[in-house]
Amino acid sequence: MGDININSNPKAPMIPKFDDKIKIDVRYMVIVPYVSIHIYYDEKSGEVIYDIEEPILSEEEKGNLAKIEQTIREVVNVKMVGIKNTKENLLDYIDKTAKLIISELGLTIEKESYKKMFYYLYRNFVGLNEIEAMMKDYFIEDIECNGMGEYIYIVHRVFRNIKTTVKFNDMNKLSSFVEKLAQKTGRYISYASPILDGGLPDGSMVNATYTQDISSKGPTFTIRKFTKTPWTPTQLIGFHTLSPEMLAYFWILLQYQSNIMIVGGTASGKTTLLNAMAFFIPQENRVVSIEDTRELNLPRENWLPSVVRTGISSEGAGEINMDSLLKSSFRQNPDYVIVGEVRGKEASVLFQGMASGHASISTMHGDSVDSIVRRLETPPISLSPMLVNGLDAMMIMTHAIVNGKETRKLREIVEVISVEADGTTLTNTPFKWNPADDKFYHAKNSKIFDKIAEKVGISKDNIEKEFEIRARLLYALFQNKVLSYEDVQRVINDYSKNPAGILKKYGVTR
Ligand SMILES: Nc1ncnc2c1ncn2[C@@H]1O[C@H](COP(=O)(O)OP(=O)(O)O)[C@@H](O)[C@H]1O
Ligand SMILES: [Mg+2]
């Protein structure tokens with residue numbers, strides 16, 4: 001991408017403790033090399049202030065930037081700044097487009113000047129404009145705007161509620177910003193439907209209201225950033241929750257859009273496993289997730305999270321439940337739908353979705369294939385057990401005490417072969433944990449590999465070889481301490497582009 005580089009994920013700094021708020025004065029970078037945050041005590045107001053220090057443009061630079069932005073809006077299909085694109089592609093695209101426009105408009109712009117302007121193009125076209133730096137600030141939990149002319153407040157992990165120096169002074173700008181938020185969540189906001197509840201591609205949740213009523217302060221929004229970092233597949237190897245072979249099995253199944261359900265008791269680690277499995281969903285797949293409360297944090301850009309909304313009014317108006325969310329998510333045509341926990345009516349939508357070719361991963365309370373089949377056939381779900389045929393495999397999670405220690409185990413991976421109308425099931429169990437020796441056993445007879453082989457037209461032999469090599473790679477990653485969220489994500493993505501290079505790097509031979 002030439003000389004342009006933006007790092008919006010620098011290592012979070014250590015922030016010292018201040019015993020007195022009047023001493024607060026810290027500065028840290030959030031978007032390298034462009035933006036730092038300055039948090040300080042302001043004597044005049046007696047408040048702690050959050051100030052965003054962005055590149056400063058001269059009047060001439062501002063003028064040129066406005067011309068470029070204007071032209072980009074006019075000539076370029078801004079919709080292409082959609083969710084299928086990676087950040088690198090977008091930056092590259094903006095760089096090329098801006099340079100083209102500059103030469104067409106006959107502007108002369110110094111290199112340093114261009115670099116600064118590029119930041120604003122990134123901020124306004126790829127990012128979230130004035131609040132982009134806050135979105136990238138690791139320490140921020142919430143961002144709140146209470147209308148036009150009001151300073152935006154944030155919740156900071158160290159300094160808690162503080163005032164920023166950012167506000168929207170123009171009703172049109174605030175309205176179009178809220179429209180942009182809506183567009184990024186894949187939803188729609190208007191006078192007719194003025195309430196937005198949705199998830200941004202980074203996992204943050206947005207609530208917004210939309211009005212231009214002059215008696216009010218106009219649109220408002222709150223962004224709740226998602227801060228939980230999930231455990232990675234290699235960390236789960238470290239906890240002895242599962243084996244590298246089990247992970248390699250997921251990797252193959254998820255590559256070919258198999259339908260998976262994770263089953264287990266309360267707090268058996270279902271959601272944790274689901275999140276770890278998501279590392280293996282191909283990066284180019286579009287993923288929609290649905291949950292009761294936000295727990296998932298998927299390692300991907302191409303993701304629309306949503307959360308069930310209940311109790312808005314006593315009549316249930318404004319209530320969005322899981323089955324309606326699920327129906328609308330199918331309409332968005334995702335490659336994978338992830339359902340946090342299946343409990344009621346949404347089960348029928350989910351299974352019918354699978355039957356009509358929508359791949360899914362879900363979790364459900366239970367302890368075996370039979371217990372799930374029974375729960376599905378009895379009220380309130382009352383489904384035909386035959387629909388369970390849509391599932392390829394169930395992962396059974398369990399609590400276990402090993403050497404006096406509380407652990408979580410992936411006890412079994414069970415493949416669904418057939419389920420009859422009377423609820424009789426035929427299954428195959430390629431993986432099993434043995435409590436006697438605390439080891440995971442693998443029987444080499446995956447029926448889903450057969451199914452995949454047939455579906456995509458490659459030999460089962462090849463799938464098994466690939467499975468085996470991935471299992472060894474995962475073990476090598478674990479041994480090489482490739483454990484963090486970013487590292488694991490990177491290696492898995494790189495493997496899809498350049499398997500030989502990654503195998504070589506970690507010393508795995510074919
Ligand atoms: N593989 C694991 N090893 C150790 N502890 C785990 C593991 N998975 C989950 N836990 C712990 O159990 C708790 C519940 O996990 P969670 O995935 O939310 O369970 P569930 O979705 O089944 O209710 C988590 O807060 C975590 O501390
Ligand atoms: Mg859960």
Side-chain angles (χ1 to χ4, degrees), residues 199 203 205 226-251 260-281 287-299 303 305-308 310 321-322 325-326 336-344 346-347 350 360-369 371-372 375 391 393-414 431-435 438-440 474-475 477-478 481-485 488:
M205 299 307 298
F226 195 58
T227 46
K228 195 175 156 201
T229 308
W231 281 329
T232 60
T234 42
Q235 281 170 320
L236 294 188
I237 297 178
F239 300 154
H240 296 283
T241 294
L242 40 62
S243 64
E245 286 79 15
M246 286 164 148
L247 288 175
Y249 176 85
F250 296 154
W251 198 347
I260 294 172
M261 182 177 265
I262 301 169
V263 175
T266 307
S268 58
K270 300 184 292 296
T271 304
T272 305
L273 179 66
L274 170 59
N275 212 132
M277 279 170 56
F279 281 80
F280 300 119
I281 300 176
V287 176
V288 174
S289 70
I290 297 168
E291 296 175 86
D292 264 341
T293 47
R294 263 317 293 291
E295 287 185 281
L296 296 172
N297 187 5
L298 308 186
W303 169 36
S306 53
V307 167
V308 171
T310 48
N321 48 30
M322 232 183 207
L325 261 184
L326 192 52
Y336 252 116
V337 174
I338 294 184
V339 182
E341 179 142 6
V342 180
R343 286 202 195 87
E346 68 276 6
L350 179 70
S360 70
I361 316 175
S362 55
T363 80
M364 195 164 174
H365 192 92
D367 60 14
S368 64
V369 176
S371 75
I372 295 297
R375 276 200 61 201
L391 273 182
M394 283 197 196
M395 315 293 155
I396 318 243
M397 286 297 297
T398 190
H399 284 268
I401 309 287
V402 176
N403 299 328
K405 271 211 202 116
E406 165 93 26
T407 60
R408 307 290 191 291
K409 297 288 175 189
L410 177 49
R411 193 184 73 202
E412 273 175 347
I413 296 182
V414 182
F431 297 92
K432 212 175 181 133
W433 171 66
N434 180 8
D438 189 20
K439 283 200 173 119
F440 297 96
L474 285 159
Y475 188 62
L477 294 178
F478 167 67
K481 301 201 167 44
V482 179
L483 300 170
S484 77
Y485 186 87
V488 174

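Heavy-atom basis, side chains included; hydrogens, waters and symmetry copies ignored. Counting starts at 1 for both ligands and their atoms, following the listed order.
- Among the atoms of Gly269, some N or O lies under 3.5 angstrom from an N or O of ligand 1.
- With a 4.5 Å cut-off on side-chain heavy atoms, Met246 and Phe440 count as touching.
- Put simply, atom 2 (C) of ligand 1 has protein non-hydrogen atoms near it, under 4.0 Å away.
- Residues Ile401 and Glu406 are in side-chain contact: their nearest non-hydrogen atoms beyond the backbone lie under 4.5 Å apart.
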Test side chain to side chain contact (heavy atoms under 4.5 Å, CB included) applied to Thr272 and Arg408, step by step: CA-CA 10 Å; Thr272 305; Arg408 307 290 191 291; over 6 Å; no
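- Counting the atoms of ligand 1 from 1 in the order shown, those under 4.0 Å from a heavy atom of Gly265 are 22 (O).
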Checking salt bridge (Lys or Arg N to Asp or Glu O under 4.0 Å) for the pair Arg411/Asp367: CA distance, chi angles, key distance, verdict? CA-CA 10 Å; Arg411 193 184 73 202; Asp367 60 14; 5.8 Å; no
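- Backbone or side-chain N, O or S atoms of Thr363 do not reach the Mg ion (ligand 2) at under 2.8 Å.
- Atom OH of Tyr475 has 12 or fewer neighbouring heavy atoms from other residues, nucleotides or ligands inside a 6.0 Å radius.
- At a threshold of 4.5 Å between non-hydrogen side-chain atoms, the residues Leu236 and Leu410 do not count as touching.
- Under a 4.0 Å criterion applied to the non-hydrogen atoms of Phe239, ligand 1 contributes the atoms 3 (N).
- Of the protein's heavy atoms, Thr271 OG1, 2.7 Å lies nearest to atom 21 (O) of ligand 1.
- The closest approach between any non-hydrogen atom of Ser268 and ligand 1 is below 4.0 Å.
- Under the 3.5 Å distance criterion, with hydrogens and angles disregarded, no donor-acceptor pair is assigned to the side chains of His365 and Glu341.
- Of the heavy atoms in Thr241, only side-chain atoms (C-beta onward) come closer than 4.0 Å to ligand 1.
- Polar contact check, Ala267 against ligand 1: a nitrogen or oxygen pair lies under 3.5 Å apart.
- When heavy-atom distances to ligand 1 are checked against a 4.0 Å cut-off, Leu273 has no atom that comes that close, whether in backbone or side chain.
- The side-chain contact (heavy atoms from CB on, under 4.5 Å) test with Pro233 is passed by exactly one of Val482, Leu242, Leu477, Val488: Val488.
- The protein heavy-atom contact nearest to atom 27 (O) of ligand 1 is Trp231 CH2, 4.1 Å.
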For Trp433 and Asp438, what are the C-alpha separation, side-chain angles and deciding distance, and is it a side chain to side chain contact (heavy atoms under 4.5 Å, CB included)? CA-CA 7 Å; Trp433 171 66; Asp438 189 20; 2.7 Å; yes
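- Counting only heavy atoms, the protein never gets under 4.0 Å from atom 25 (O) of ligand 1.
- The option from Thr272, Ile262, Val263, Leu274 that lies nearest to atom 15 (O) of ligand 1, judged by heavy atoms, is Thr272.
- Numbered from 1 in the order shown, with element, the atoms of ligand 1 that lie under 4.0 Å from a heavy atom of Leu236 read 1 (N).
- Taken to the nearest 0.5 Å, the CZ atom of Arg343 stands 8.0 Å off from the OG1 atom of Thr363.
- Counting protein heavy atoms only, atom 7 (C) of ligand 1 is closest to Arg408 CG, 3.3 Å.
- For the pair Lys270 and ligand 1, the shortest N or O to N or O distance falls below 3.5 Å.
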